[in-house]
Q: 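Structure provided below as structure tokens; questions to follow.
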Amino acid sequence: MSEGQNLTLHLDRDIIRKAKILAAKRGTSISGLVAEELVRIVGEDEAYEAAARAALALLDKGFHLGGEIRVSRDELHER
């Protein structure tokens with residue numbers, strides 16, 4: 001991980017107590033838990049954004065479904 005920056009959070013005392021217990025079970029600190037979760041959330045968001053861009057690019061490009069157009073647009077719309 002690169003050089004970090006401090007962050008101050010205001011949390012309910014009960015949540016802090018439970019987070020300390022959870023952190024101890026996982027062999028880390030509350031700061032470690034928060035950092036790990038934020039990295040996970042940001043990674044998921046970045047992956048979603050990349051997938052959305054790729055899907056939109058495919059839609060812009062269009063799909064060839066293998067068919068052959070045998071009539072003109074005007075012929076299709078004759079009345």
Side-chain angles (χ1 to χ4, degrees):
M1 201 185 266
S2 63
E3 188 177 322
Q5 183 175 342
N6 288 338
L7 173 69
T8 302
L9 297 173
H10 180 81
L11 299 169
D12 182 75
R13 288 179 197 261
D14 190 47
I15 292 296
I16 293 171
R17 182 182 58 77
K18 290 176 181 179
K20 284 180 181 179
I21 294 168
L22 180 60
K25 286 180 184 177
R26 294 187 182 185
T28 189
S29 62
I30 293 176
S31 181
L33 286 177
V34 172
E36 186 180 301
E37 189 64 13
L38 285 174
V39 166
R40 184 187 68 78
I41 291 168
V42 169
E44 285 178 359
D45 186 64
E46 288 173 346
Y48 175 84
E49 293 294 331
R53 282 191 303 274
L56 290 173
L58 280 174
L59 288 174
D60 284 342
K61 181 180 175 186
F63 297 95
H64 178 63
L65 301 177
E68 185 178 324
I69 299 174
R70 297 181 183 187
V71 295
S72 70
R73 185 176 190 277
D74 291 336
E75 289 173 320
L76 288 173
H77 293 284
E78 283 180 2
R79 292 185 189 231

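We count residues from 1, following the sequence as given.
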Q: Using links of under 4.5 Å between side-chain heavy atoms of ILVMFWY residues, direct or through other members, which residues join Leu56 in one cluster?
A: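 Grouped by the 4.5 Å side-chain rule, Leu58, Leu59, Phe63, Leu65 form the rest of the cluster around Leu56.
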Q: Let me have the donor-acceptor pairs involving side chains of residues 9-28, under 3.5 Å, with sequence neighbours excluded, atom names and distances please.
A:
unit_1	atom_1	unit_2	atom_2	d
Asp12	OD2	Asp14	N	3.1
Asp14	OD1	Arg17	NH2	2.7
Asp14	OD2	Lys18	NZ	3.3

Q: Using the rule given for side chain to side chain contact (heavy atoms under 4.5 Å, CB included), can you reason through Leu33 versus Glu37, listing the C-alpha separation, both sets of side-chain angles and the distance that settles it, and then say yes or no?
A: CA-CA 6 Å; Leu33 286 177; Glu37 189 64 13; over 6 Å; no
Q: Mind checking salt bridge (Lys or Arg N to Asp or Glu O under 4.0 Å) for Glu44 and listing every partner two or more places apart, or none if nothing turns up?
A: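 Result, salt bridge (Lys or Arg N to Asp or Glu O under 4.0 Å) vs Glu44: Arg40.
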